[in-house]
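Just so you know, ligand 1 is whichever comes first in the structure, and atom 1 is the first atom listed for that ligand. Nothing fancy with the numbering, it's 1 onward along the sequence. Treat the numbers as computed from the prediction; the structure is a model and nothing was measured.
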Amino acid sequence: MLGNFIYYNPTKLYFGTEVETNLVEALKNFGPKVLLTYGGGSIKTNGVYDTVVKALKESGKEVIELSGVMPNPTLEKLNEGIKVARENDVDLILAVGGGSTVDYSKGVAAAAWYDGDAWENFWVKGNEPASDQKVIPVGSVLTLAGTGSEMNGGSVITDEPNKLKLGKVFGERLIPKFAILNPEYTFSLPQNQMVAGIFDIMSHLMEQYFSGDDDSTTDYMIEGLMRSVVASSRVAVKDPRNYEARSNIMWCATWALNTLLKMGKKGDWMVHMIAHAIGAYTHATHGMALSAISGAYYRFILKEDQHRLARFAKVVWEIPAEGKTEEELAKAGVAALEDWIKEIGAASNVTGLGVTEAMLEGIADSTILGGGYKKLTREDVIQILKDSFLD
Ligand code: NZQ
Ligand code: ZN
């Protein structure tokens with residue numbers, strides 16, 4: 001384990017089906033005014049809203065509702081939330097939904113009591129709230145497994161007019177204080193959202209795995225999680241109501257991006273950076289933008305991380321090494337990844353996401369460069385996108 005680090009994560013996880021009891025228990029630690037945030041209404045049709053409101057009433061909370069948090073939440077919506085949270089001086093933000101609602105709630109929690117241009121300060125400059133600035137605690141009831149937002153500091157917001165989708169990873173004050181994880185809540189997801197979430201998990205694991213060349217315990221953990229995601233995905237796509245598979249997927253999602261696997265790893269994150277830029281141009285579903293470019297990306301950087309891609313092929317995809325050069329094995333690993341993308345029904349090209357030739361320069365300009373195994377140039381990004389078009 002290279003590097004010096006301190007590990008701490010404040011999120012208390014309540015896993016399983018006893019949501020009302022768990023939520024009442026979790027709510028005891030917070031003041032009376034709760035801002036309840038949610039998206040476009042799925043929680044009203046699947047019954048999650050009723051359970052949450054019942055637990056809030058039972059806990060004697062005063063509830064202020066803020067709905068309509070859209071996938072890939074916008075800066076305009078963030079500003080609305082800031083106003084509502086500040087005017088009502090809320091004690092807790094309870095996010096009920098997927099990564100967008102949880103990310104959004106952290107953004108509001110960080111920005112509500114900041115006097116100034118929050119977007120510029122937190123997302124563009126990447127600053128943390130000052131230690132004497134109030135931040136609002138966040139808790140979540142998760143309905144989509146994928147982002148890991150329930151146990152990390154990430155908050156991805158899109159400035160629509162300027163076509164900029166930026167992720168700020170806040171420190172521990174903004175990491176949710178609790179997360180209620182009921183795998184059954186994910187049963188009502190449309191198949192494409194379930195699949196997008198599954199690929200998002202895999203991508204978080206890959207983005208951390210494909211960095212560094214030391215012998216790290218973290219890599220062995222990642223391999224175990226990848227194998228579980230692949231095995232469970234194969235069950236879930238055929239039988240979406242399979243609790244065993246969906247609960248494994250939910251647990252994997254949380255651990256794939258909850259700060260643990262960052263330890264001792266640099267991370268790559270270029271697939272995410274390009275996918276965010278695609279999202280800013282097309283509003284593509286996050287996980288689908290990732291899957292659409294992953295094959296082309298890993299083929300593009302094959303020479304830089306051939307050794308680890310060969311290990312990925314052997315350990316994750318169980319491809320026999322005998323009779324193959326390291327390069328052949330690495331290529332077989334990428335091919336297995338691409339086959340799996342098609343098998344589970346994730347996007348395998350950017351054409352289907354609405355990316356056009358005319359957007360390529362803009363998407364490349366909107367991609368945050370700098371990290372990564374290979375230092376990508378703007379031209380490299382354009383090449384990866386071109387390689388991701390449907391032939
Ligand atoms: O708005 P509602 O009605 O809730 O519908 C949502 C939305 O349309 C629906 N949905 C969620 N749970 C459901 C459901 N529909 C039926 N039944 C349920 N149980 O699914 C749609 C997508 O929801 P969203 O929250 O947008 O999806 P996801 O969880 O994938 O979040 C995506 C956002 O998270 C960011 C992405 O960039 C994107 O903005 N990310 C956040 C990260 C973090 N915090 O660390 C890391 C990720 O890499 C990612 O960038
Ligand atoms: Zn992601």
**Request:** Give yes or no for whether the N/O distance cutoff of 3.5 Å, strictly under, is met between T101 and ligand 1.
**Result:** no
**Message:** Using a 4.0 Å cutoff against the non-hydrogen atoms of P71, which atoms of ligand 1 qualify?
**Reply:** 7 (C), 8 (O), 26 (O)
**Message:** As a test of the contact definition, would atom 6 (C) of ligand 1 count as having a protein heavy-atom neighbour under 4.0 Å?
**Reply:** no
**Request:** Taking only heavy atoms of G154 into account, list the atoms of ligand 1 that are under 4.0 Å away from them.
**Result:** 44 (N), 45 (O)
**Item:** Check: V334 and L309 side chains under 4.5 Å, non-hydrogen atoms
**Value:** yes
**Message:** Can you confirm whether the side chains of T37 and S105 place a donor and an acceptor under 3.5 Å from each other?
**Reply:** yes
**Request:** Considering heavy atoms of the protein only, find what lies nearest to atom 30 (O) of ligand 1 and give residue, atom and distance to 0.1 Å.
**Result:** T147 CG2, 3.9 Å
**Complete:** Under 4.0 Å from one or more heavy atoms of G39, ligand 1 contributes atoms 1 (O)
**Item:** Any donor-acceptor N/O pair, Y104 side chain to G81 backbone, under 3.5 Å
**Value:** yes
**Message:** Within ligand 1, which atoms have a heavy atom of S188 less than 4.0 Å away?
**Reply:** 16 (C), 17 (N), 18 (C), 19 (N)
**Fill in**
Atoms of ligand 1 under 4.0 Å from any heavy atom of H272, numbered from 1 in the order shown, are 48 (O)
**Asked** Should the pair K314-E318 be classified as a salt bridge under the 4.0 Å nitrogen-to-oxygen rule?
**Response** no
**Request:** Identify, for atom 13 (C) of ligand 1, the protein heavy atom at the shortest distance, and state residue, atom and that distance.
**Result:** L189 CD2, 3.3 Å
**Any N46 heavy atom less than 4.0 Å from ligand 1** = yes
**Prompt:** Is a side-chain donor-acceptor pair under 3.5 Å present for S348 with E338?
**Reply:** no
**Message:** Treating T285 as the side-chain partner and G287 as the backbone partner, does any N or O pair qualify as donor plus acceptor under 3.5 Å?
**Reply:** no
**Asked** Is L257 touching ligand 1 with its side chain, its backbone, both, or neither, if touching means heavy atoms under 4.0 Å apart?
**Response** side chain
**Item:** E128 side chain vs F122 backbone, donor-acceptor pair below 3.5 Å
**Value:** no
**Asked** For atom 41 (C) of ligand 1, what's the nearest protein heavy atom and its distance?
**Response** D103 OD2, 3.0 Å
**Item:** ligand 1 to G41 polar contact by distance, N or O atoms, under 3.5 Å
**Value:** yes
**Polar side-chain atom of K324 near backbone of P320 as donor-acceptor pair, under 3.5 Å** = yes
**Message:** So does K163 get a backbone contact from the side chain of S366, meaning a donor-acceptor N/O pair under 3.5 Å?
**Reply:** yes
**Message:** Among all protein heavy atoms in this structure, tell me which lies nearest to atom 1 (O) of ligand 1, with the distance rounded to 0.1 Å.
**Reply:** G40 N, 2.7 Å
**Asked** Is V90 reachable from V141 through a run of I, L, V, M, F, W or Y residues, each pair having side-chain heavy atoms under 4.5 Å apart?
**Response** no
**Complete:** The protein heavy atom nearest to atom 24 (P) of ligand 1 is S100 OG, 3.4 Å
**Request:** For the pair N152 (side chain) and G148 (backbone), establish whether a donor and an acceptor sit closer than 3.5 Å, ignoring hydrogens and angles.
**Result:** yes
**Prompt:** Less than 3.5 Å between some nitrogen or oxygen of P190 and one of ligand 1, yes or no?
**Reply:** no
**Best match, V102, T143, T285, L142: closest heavy atom to atom 12 (N) of ligand 1** = T143
**Asked** If you measure from the Lys or Arg side-chain nitrogens to the Asp or Glu carboxylate oxygens, is any gap between R241 and E184 under 4.0 Å?
**Response** no
**Item:** Structural part of F187 in contact with ligand 1, heavy atom criterion under 4.0 angstrom
**Value:** neither
**Asked** Side chains of V237 and M194: closer than 4.5 Å at any heavy-atom pair?
**Response** yes
**Item:** Taking atom 4 (O) of ligand 1 as the reference point, the nearest protein heavy atom with its distance
**Value:** S42 OG, 2.9 Å
**Request:** Identify which of G99, A289, S149 has a heavy atom lying nearest to atom 28 (P) of ligand 1.
**Result:** G99
**Asked** Under the 3.5 angstrom rule, does the side chain of R246 hit a backbone N or O of T186 as a donor-acceptor pair?
**Response** yes
**Prompt:** Quick one: are T147 and D200 in side-chain contact, heavy atoms under 4.5 Å?
**Reply:** yes
**Request:** Report the distance from atom CG of L369 to atom OG1 of T377, rounding to the nearest 0.5 Å.
**Result:** 7.5 Å
**Request:** Salt-bridge test for D219 and R308: reply yes if a basic N is under 4.0 Å from a carboxylate O, no otherwise.
**Result:** yes
**Heavy-atom nearest neighbour in the protein, as seen from atom 27 (O) of ligand 1, with distance rounded to 0.1 Å** = L144 CD1, 3.3 Å
**Item:** Proximity flag M70 to ligand 1, non-hydrogen atoms under 4.0 Å
**Value:** no
**Item:** N or O pair under 3.5 Å between K165 and ligand 1
**Value:** yes
**Asked** Taking N or O atoms only and a 3.5 Å limit, does T186 qualify as a polar contact for ligand 1?
**Response** no
**Item:** Atom pair CG (L142) and CD (E150), whose distance is rounded to the nearest 0.5 Å
**Value:** 4.5 Å
**Complete:** What lies under 2.8 Å from the Zn ion (ligand 2), restricted to protein N/O/S atoms, is D200 OD1, H204 NE2, H272 NE2, H286 NE2
**Item:** atom 39 (O) of ligand 1: nearest protein contact (heavy atom, Å)
**Value:** N72 OD1, 3.2 Å
**Message:** Using modelled atom types and a 3.5 Å cut-off, is there a donor and acceptor pairing between side-chain atoms of S211 and backbone atoms of E207?
**Reply:** no
**Message:** Within the 4.0 Å heavy-atom shell around G98, which atoms of ligand 1 are there?
**Reply:** 25 (O), 29 (O)
**Asked** When you look for heavy atoms under 4.0 Å from ligand 1, do you find them on the side chain of T158, its backbone, both, or neither?
**Response** neither
